[in-house]
Amino acid sequence: MMDALTFTLDDLHVLKPAVVLCLFGCGILLTDAFLVRRTGRRWLNAVTALAGEAVVAVVVWQHLGDVRSSGAFAGLGGSVVIDGFGVFFNIVFALSAVLAVAMSVRYMEAEGEHRGEYYALLLFAQAGMSLMATGRDLVVLFVSLETMALSFYVLVGFLRSSKKSNEAALKYLILGAFSSGLLVYGFSILYGIAGSTNLEAIGKAVAARPEGDWAAVLALVTTSVGLFFKISAVPFHMWAPDVYEGAPTPTTAYVSVASKAASFALMIRLFLSAYGSESAAWMPLLGMIALVTMTVGNLAAVTQSNLKRLLAYSSVAHAGYILLGLVAANESGLRGIAVYILAYVFMNFGAFALVGALRRDGEAAEELDDLNGLFARAPGYTILMAVFMLSLAGIPPMAGFYGKWYIFLALLREGYYLLAVFAALYVAVAAYYYFRVIRACWLTDGSEKPALLDMNLGTRAALVGCGAFTVLIGLMPQGFLDLAGESVLTALR
Amino acid sequence: MLIDTAFFYALAALVLGSAVMTITRRNVVYSAVWLISTLLGVAGLFLLLGAEFLAGVQVIVYIGGIMVLFLFVIMLVPLQEESAQRRFSNQKWPALVCAGAVSAMLALIVVRGIGALDHPGSGDPLGPGSLSENSEKVGLVLFSEYLLPFELASILLLVAIIGAIVMSKARNRETES
Amino acid sequence: MSEHILSIIWLTPLVGMLAVMCLPKESKDLIRYVANGFAVLGLLVTIPMMRAFDSANGDFQLVERYDWIPALGAQYYLGIDGFGFLMILLTVVVGWLSILCSWSSIQDRVKEYYAFFLFLQAGMLGVFMVLDVFLFYVFWEIMLVPMYFIIGIWGGGKRLYAAIKFFLYTLAGSVLMLLAMLTVYFRHFEQFGFYSFALEDLMRVAAYTGPDMQFWLFWGFFVAFAVKVPMFPFHTWLPDAHTEAPTAGSVILAGILLKMGLYGLVRFAMPMFPKGATDDLTVQLVAGLSIVGIVYGALVSLMQKDWKRLVAYSSVSHLGFCTLGLIALNPNGIAGGMLQGLNHGLSTPLLFLAVGIVYDQRHTREIADYGGLANRMPVYTVLFAIALFASMGMPGLNGFIGEFTILRGAFEASPVWAGFGVLGIVLGAAYLLWLFQRVMLGPVTNPKNEALRDMNLREIVVMAPLIAGCFWIGLYPKPCFEILEAPTNKLVERLDPGYFSRNAAAASPGGEPLAPLLAGGAPAGE
Amino acid sequence: MEVTTTHYVVLSTLLLLVGVTGILTRRNILVLLMSVELILNAVNINLAAFSASQQQVHGQVFSIFVITVAAAEAAVGLGILIALFRNKHTVHADEIDLLRW
Amino acid sequence: MFFLESIWLIPMFPLLGAALMLLLGRRLDAQHPQGPPGDDAREAHCGPSRGRSVIGVLCPGMVLVSFLFSVGAIWQLQGAPGHSYEVVKWTWLAGLESGTAAGVKAFTAEWGFLLDSLSSVMILVITGIGFLIHVYSVGYMAHDGGYYRFFGFLNLFLFFMLLLVLGNNYALLFVGWEGVGFCSYGLIGFYFRKQSASNAANKAFIVNRVGDAGFVLGMLLTFTTLGTLKFTEIGPALAAAGFEAEHAWGPLSLMGLLFFVGAMGKSAQLPLHVWLPDAMEGPTPVSALIHAATMVTAGVYLVARSSAIYALAPKAMLLVAVVGALTAIFAATIGLVQYDIKKVLAYSTVSQLGYMFLACGVGAFWVGIFHLYTHAFFKALLFLGSGSVIHAVGGEQDMRRMGALKDRIPVTYRTMLVGALAIAGIPGLAGFFSKDEILWKAWSSHHTALYALGLITAMMTAFYMFRLIYMTFHGNDRVASGVQVHESPRSMTIPLVVLAAGSALAGWIGTPPVFGPLHDALPSLEHWLSTSVVAEAAHGGAAGEHPSAVLEWGLMALSVGLALAAIWAAARRFRGRKYEGEPMAALLGRPLHGILVNKYFLDEIYGALFVRGAAKGGGLRLALFDRTVIDGAVDRVGLLTRVSSRLAMFFDKWVVDGLVNVVGFGVKLVSYPVRMFQTGLVQNYALLFLVGVGIVAGYYLFS
C-alpha cells in the first residue's frame, strides 16, 4: 500500500485522458459562463470540446505508442491500467464524442437548448467511460460508471421543455439507479469475497473458491444483471427504446454507441478477469440472453414506424450479436466485439446524424415516412443512408459485415452451430427492416410537405465522415482489424 | 458480545421496520421521516461494526444533505391532492409476487452461501473507542489507494450539480439567445 | 495491361457508373450515350481476354493475386477457367444488350438507373472471376443491392414486394453459405496453421473433413446457390422478380443472375466438398428436386395468364435441366449443365425482350390482351418464334445441344432421370407453342393491337446478337465444348477420381483404346 | 449466539428487497427515489460488515463513495423530477407513458 | 465423283430457297396486291404478280436442282464401294467423354452426310415427288396469301427432310426429324388465323414431341450400349460387343422399342396417330408432300435405318409388326366412314404406314421401304387429285356435296382412278407389288394373324378408296349450286399425270422372285437395298427355306380377288345410284358406325386427358366428353394437365410461397406482442427487470 498523497507523473500519464477531459469540461463551463454566453456564439463551446478531443487524441496516440512499444503500464497502484484494450476503447469513446459534438451544434440550436453544460457533460461522460475501460479497481469502476451514468441522465433530459425528454431522463434514472444499485451490491459481495477491490485480487480469490461457490454466484447474478441493463440486453432492455426516442438525437447516438461500448468493456473485463474461473457457469446464460436479445430486438424492430425507436431496437439486436462474441470468448470472439463496436460507431452515428437532421418546419421529424422521397431532395445523403443501413444489416463490403463475420467465426470455432445459424438467419430478418428505411428514402415518393435535412457544417462533416469510414473499413479493413486485434490480445490475459 | 447481538437485532428491526414504513406511507413526508429513521438505524449498524467515521458521514451527508433535498422537493409538490391519490401502482400484486419469488431465490443463495463470507475473526469488530484510529485509517486509505476515485467523485458531484441546476432551472429568455 | 485484364474487365462498368454519377441528371440522352458507351467498352475489353485465354488449359488463367486483408487471409484473387470465361462473355453481351434495350423504356430517374445497372454489371463480372471465397461472398452480396433497386424503383405494380422478396430470399440463402464458408476457413486454419480464403487452399480442406461434415457444408453452399438458380422449393422469388422487374432487369435476371447459382456450384460447392456433392442423399435429393422443378415449372407455366410469369416459370423448368446435369456428376452432365445455362442466357432474354417490346406499347402483360400479333408484326413474330424454338430445344438451335448433352449425362447417371427429363421437352413444347398460338396466331381480336408497330432497328439490333448466338451454338457448339472440356474433366476427376480410367478399364474388348483424356486422368485402356 | 457477517448480508439483502419492492409498487416518484436510497444503504451495510470481517477499512471507504453516489443520484433525480413536474404536473410514475411501444 | 462429293449440297439448295424467301419473300410477294397474309378474301381473282412468278420459279427450281444432283449422285453411287459414300463436314455436337458399355467414348456427332442405297431411295422420292408437288403448288396456291411463306416453308421442309435421310448419325437425323416437324407445324398452321388450323398445328407438334422423347432416349441408350451414334459404326459396334439376338427384353430390344416410339409419333402409328387427320388443315399440297409422301414415312426410314439393331431384337420387331398391323386395320376401318375426302386419304395414309411397319416388323425391311416408295407415288397422286377436286368444286371437301365430276374434270378423274387402283392392289400397278410382298412376308414369317389383318385391311382399302372415287366422280351431282366446276390449270394437272405414270410403273423394280425371268430381268430394289438394310431378320422368319411358288401365287390371287370383291361392293353401294342416307351405317349397323365416325373417340379421350383435341369431327358426341371437352375448352387445357398444373400452381402459391409469406407474416405477428411489453410505464420495466433477475438467479439455482 503506497504512501498517502504520492502522485507521480506516471500516474498522471496513465490518467491523462480522463484528466484532459475533466479539465476541458470545466474549461467549457467557465468559458461558457464568462465569455461565450456574452458573445452568444455557442458553437465556440463545441470548438473547445473538439479541441479537448484533439488533445485526448494526442494522449491516446501516445498511449498507443507506449503500449505498442513497451506493453501495458499501470498507475495508481494498479487501479488503472493502460493496455491495448483500454487504448482501443478510448479511441472509440473519442470518436463517438467527436461525432456527437459535431452533430450536436445544429441540433441543440434547433431545439433551443444550446448550452455549454451540454458539451461539458459530454466530456465528463467520456472521462467516466475512459476510466471504465481502463480501471482495474471496483471503486474506480463504480464511481466512473456512475459519472458516466449521471452525465447521461442529464444529457438525455437536456431538452427540459420536451415532455418526452423529461420522461426519458426519469425512466433512465430510475432504472439506472436500480440497476447500479444491484451492480454495486454485487461489487460489495465481491469485496466480501476477496477483501480487496482490485480486480486481479478478486479474480484470484474467486478462482480460489470452490466451483460454483454461492457467494460468487450471488455476486455474479447481481453484477451481470447490472451490466445487462447497461448494454440493454433482453429482458433488461426496456429503457432503451424510450430513452433513445426521448433523448436529443446526438445524445441518443452517443448513448447507443459509447455507453454501450463502455459497458461492454467493463463487462468483458469483469467476466474475463473476475469471473474467468466461473466461465462454465455464465457462458450458457450469456448464450441464452444473447439469443433472446437478438430475437426480441430484431422482431420488435420489424414493425417499428419511428426511426429512432427502430434504431433503438436494432441496437438491442446488435447488443445481442456483440454478446455472442463474449459467449464464444475466444480470440476471434473478442476481436469480433472490438471490430463490431468500431464499425458500429460509424454506422450508427451516421444513421442517427441523418435522422437528427431531419426536420419538418422546425419540428424534429422522426417517423419512417418522413424519409419518403428523400432521394429527390438529397441524393447524396440518401446514398449515405443506404450505406449505413447496408452496413447495419451486415452486407459486405460494409464495415458492419466484419464484426458479424468474426462473431460467426468465433461461434463456429466453439461449435455453437445452432447459435450461429440463428444469428445468421436473423441477419435476413434485420435486413428486412433496414431495407424498410432504404425503401422509404429511395423507392417511395415524398409527400407534398416533405421533411428536409437541416444541417450545418458539423453535421455534414459527421455524416460524410461516418459514410467514408463505413465504406473505407469495408474495403480496406486491415488497419482497423489490427487495431481491434491489439485490444483483444491484452483482454484475453 | 451479547450486547452487540442485542443491539444488532434491535437495529436490524429498526432498519427494516422503518424501511417498510418508508415505502408504505401515503404521505411522502412521513415516508421521508421514516427513511431518516432507517438511515439512523444503518448508522447505528455502522457504529456496531466499528465504522465510526462512516456512521458520521451517514448522519451528516444523508440526514443532513440528502433528506433536506428530499424535503425541499416535497415542498414543491402539492401534497393535498397527493394524499388523496392511490398509493400503489396497478402492478403491486404481480410486483409483490415477483419480489417475493426473487427474494426467495436470493435468500436461498445467501443461505446456501452461509459461512462462505465469514472470515476468521469475523464478528469481532475493531474495538470501540478506536474512533480516531478508524478515521485515520479511513483517511489514509482514502487519500492513498482511493485517491483517484476520490478525485473522480468530485467530478461526479460536479456533474450532479450541473445536472441539478440545468434540470431544475426554469427556461428563461436568456437561454434562448 | 494483359496481366490486369480481368481487373480491367470488371472495373470498366464501375468506372462507367462513376462517370454516369458525375453527369447532370437532366441531360438524359448524354447519360444514355455514356452508359451505352461504357457497356460497349466493357464488351471490347474482353477481346484481349479471349485472345489470351487458352481453352486447353484446365487451370486458372489470367490470374491476379494480391493481398487484400492479411488479417483475414483474404486476397484480391482473380482468375478464370472455361466456366468463368463463358459466363463473363455472356455477362458482357447480355449486360450490354439490356442497357441498350432500356433506352426508351426508362424515362424517369435515368441517371440512377444506369448507375445501378453498371454497378450491377461490375458486381456480376466480379462474381464470375474471383477465386477468393471471401471476395466472392462480397461480390455475391453487393450485387443484390443494385438489383433490388432496379426492381424496386423501375419495376411494375408489386415491385416493392418483389424486390424485397428477391433480396431476402437470396440473403437468407447466402448467410448460410457464409457459415459454411467460415467453417471451412477455420478448419483450414486448424489444418494448415494459416488463414486463407483462396479457393485452392480451401479445397485442400476436403481431404481432412469427414463425409458428414462435408455433407452439411455442401448444403450450406448449395442452399445459397439453389435459391439463386432457382431450384424447386426455393424458386418462388423468381416469378415475382421476373414479372415485376423492368424488361432489362428481367433480361439480366434470367440471363446472368440465375447462372450464378450454377457457376457457384461448379466453382465452389462441388470442388470444395466432393464427398458432400457425391453423397448419395445429396445426389438423389438434388436430382429429385431438379426433376420436380423441370416438370413442375413446365406445368405451372402451362397455366400462366401473364406473359412474363410464364417465361419466368419456364426458366424454373430449364434451370432444372441444368442442375440435373450438374448433379449427374459426369462430364457431359456438367458441361451440358453449364452450356445449357449459357443457352438459357441467350434464349430467355430474347423472350423477355420480346415481351418488353409489346409491353412498352401496350403496358399489359396479360396474354389474353394480345393475339394475332403475327398479322401486325411479322418480323417480331419470326424473331419470337426463333427464341421460342430455341428455348424449346429445337435441334439446330442452342437449346437442343444443352438439353441433349445434359440428358446424356443424366442417362449415364441414371436412365430414370433422363426418362423424367424428357418429360420437360414434351411439356416445354406444349406451353411455349400454346403461348405462341395465343399471342401471335389467330385474328387480331383486341382493337388496341391494331396500332402495334413492328420492331424498330434498335430492337432488332438488340435481339440480333442473341439470335446469332442461338444459331451459332446450335450449329457449331464445338468451341464451347472445347472451352468447357478442361475444367469439366478436372472437376469430374476431383469428384470421382479415376472416372475416366475406370470406365476405360470397364471397356469391353470392342472399345478401342483411348488417348489420354486430361492431365489428371490416367491414360485409359488398362 | 454470534452475529456473523452472514447476518449482516441477510439483513442487507432484506433491505435491498424492501427497496426493490418500493420501486416496483409505489406510484410516487419521490418514494421511488427513496427506495433507491434504501438499496444503496443495503449495499453500505454489506460493505461495512465485510470491512469489519476483513479487519480493514477499504469497505468503509467504498461505502463512502456509495454514499456520495447516492447523494449525486438523488440530486440529479430530484432535478429531473422537478423539470418533469414543471411540464406534466405529476409525480406519479404511472402517469408518464408518452414513450411506449 | 463430283456429285458424290457434293451430296451435302443436295439439302442446301432448298435451304437457299427458304433463306431467300425469308429475306426477300415479303418484298417479292408484296407486289402482289394483298392485305395481311392469309387473308383469302382480298386474294381472290387477281392473277399472279411478277414477284409471285419469281417465287414460283425459284422455289421449285431449287428442288429441281437438288433432284438432278440426287440423280447424279445415285448414278455415281453405283460405282462407290458398298454402294455407300460419306461426306463429313465438321463436328457438330462435341460432347465430352462419357462412360459407355464400350468404354469411354466422346459423345459426339458430326455434320456428316451419308448416301447409301437406303438414303438414295429416299432422296429420289423426296426430291422427285417434292419437285412435282412444288410445281403443283404454284398453281394451287396462286390465289392464297402468304405465297412466299408457303414456298419458304416447303423448301425448308425439303431441306430438313433431306438432312434427315442424308444425316450420317442419329443426332443429325434427329435434327431433320425435328426440323420437318417444325415445318409441318408451320404449314399445318398456314392459315394461322383459323383457330382449327393453329390447334391442329400445335397438336401435331406436341404429339410428335411425345414420340421424340422416345427417340431421344433411344439415342441415349444406343450411345450407352454401343458408344456411337454413327450409322456406319452401329454394325461394327454390335459385332464388337458380340450381341446375340435377344429373346428377352434387353438393351437392343429397348433401343428398338424407343426408336419405334419416335417412329410412332412421326409416322402416326397407334396410339399417336391422332395428329395426322387433323393435319389436313394444311393446304392440300402440304398434305400430299409432308403428310403422305415424305415426312410421315420418316418413321419407317428410321426403323429401316436401325435394321441392324432390330434384327437382333425380335421382341421389338414383333411389337413393330403388331402395332403396324393394328394401325393399318384400325385406320382403314375409320377410313370407311369418313366423308371429308382428305380425311379418307389421311386415314388411308395411316393405314398404309401401318403396312410399312408390318413389313419391317416381320423382318422385311426392304419391303417396307419398297412400299414407302410406291406409296409415295400413289398417295401423293391421290392427295393432289383430291386437291384438284377441292379446287374444282370451290373448296368443298365433303364428298356428300360432290359427285358426277368424272366428265367435268376428266384428267383428275383418270389420274385418281389410277391411284385408287394402285392402292387397291390391282396387279401390275405399283401398290400391288409392294403390298403383296408385305403380305407374303407376313405369311412366310409365320405371322398368320398379322397376315390376316393385312389381308382384311387390303380389302377395306380397296373398298373405301373406291367409295371415295364413286362418291366423288360418279352418282348424282350434289355440288352446291353456283360453283362452276373447272379443271385445274396445267401446273396442277401435269404433276398428276406424271405421278399417275409413276404409280402405274414404280412397282416393277420390286417384282417377287416367283416372276422368275421377269424378276431377274428387272432391276431389284431388294438387291439394291441389301447393302444398307438387313435383308432378312434372323428371327423365325422364312429366312432360308422358300415355300412353294404355288402357295405364293395362291395368296396373291386371294388378295387380288378380295380387292376386286371390295371394289365391286363399293360399286354396288355408291356407283350410279343416287346417294342419300347413310349407306355405311346401314352396312355396318348404327353403333359400330357411330364409333367409327368418332374415330373410336380417341381424340375425345386424349382431349379430355391431355390436350383439348384440335379439330372435332362431326357426328355424335357423348355428354361426358362434351363436358370435359367444353370444360377443357375454357382454357383449352385437358383434364390431366389442367388438374396437375392447377395443383402445381396451388402448391406454388400456397405451400412454397405461402410458407415464406407465413414466415414473414409470423415475424410481423410476433413483432407486436414483443413491442406490447413496451408499455411506457417505468415500473413495468422495473418489474420485467426483476423477472430477469429472477431468471438469472433461477438459472444458477436450478442448473
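Each chain gets a letter, A, B and so on, in the order its sequence line appears, and its residues count up from 1.
- Considering only residues two or more places apart in sequence or on other chains, E/F160 meets the ring pair (Phe, Tyr, Trp, His ring centres under 6.0 Å) condition with none of them.
- Within the model, atoms OH of C/Y476 and CH2 of E/W90 stand 8.5 Å from one another, a figure rounded to the nearest 0.5 Å.
- Heavy-atom distances place the side chain of E/W111, and not its backbone, under 4.5 Å from chain C.
- A heavy-atom distance below 4.5 Å is found between the side chains of C/F436 and E/Y185.
- The shortest heavy-atom contact between E/L96 and C/N332 is N-OD1, 2.7 Å.
- Counting only distance, with no hydrogens or angles, the side chain of E/W92 and the backbone of C/G474 share a donor-acceptor pair below 3.5 Å.
- Most heavy-atom pairs under 4.5 Å with chain C, from the set E/A239, E/A197, E/S198: that is E/S198.
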For this session: Report the C-alpha distance between E/R193 and C/L441 in whole Å, list the side-chain angles of each, state the deciding distance to 0.1 Å, and finish with yes or no for side-chain contact (heavy atoms from CB on, under 4.5 Å).
Result: CA-CA 6 Å; E/R193 320 177 85 238; C/L441 306 183; over 6 Å; no

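- Taking E/T228 as the reference, E/E233 meet the side chain to side chain donor-acceptor pair (under 3.5 Å) condition, with sequence neighbours excluded.
- Annotation: the span from C/R408 atom CZ to E/M219 atom CE amounts to 12.0 Å, rounded to 0.5 Å.
- Between E/F174 and C/F400 there is a side-chain heavy-atom pair separated by less than 4.5 Å.
- Judged as a side-chain contact (heavy atoms from CB on, under 4.5 Å), and not counting sequence neighbours, the contacts of E/S184 are E/I188, E/I290, E/H291, E/M295.
- Note that CG of E/L93 is 5.0 Å distant from CD1 of C/I401, once rounded to the nearest 0.5 Å.
- Using a 4.5 Å heavy-atom cut-off against chain C, the contacting residues of residues 220-227 of chain E are E/L220, E/L221, E/F223, E/T224.
- A pairwise comparison of heavy atoms in E/V175 and C/P395 identifies CA-CB, 3.6 Å as the closest pair.
- Of all heavy-atom pairs between E/F205 and C/M394, the closest is CZ-SD, 4.4 Å.
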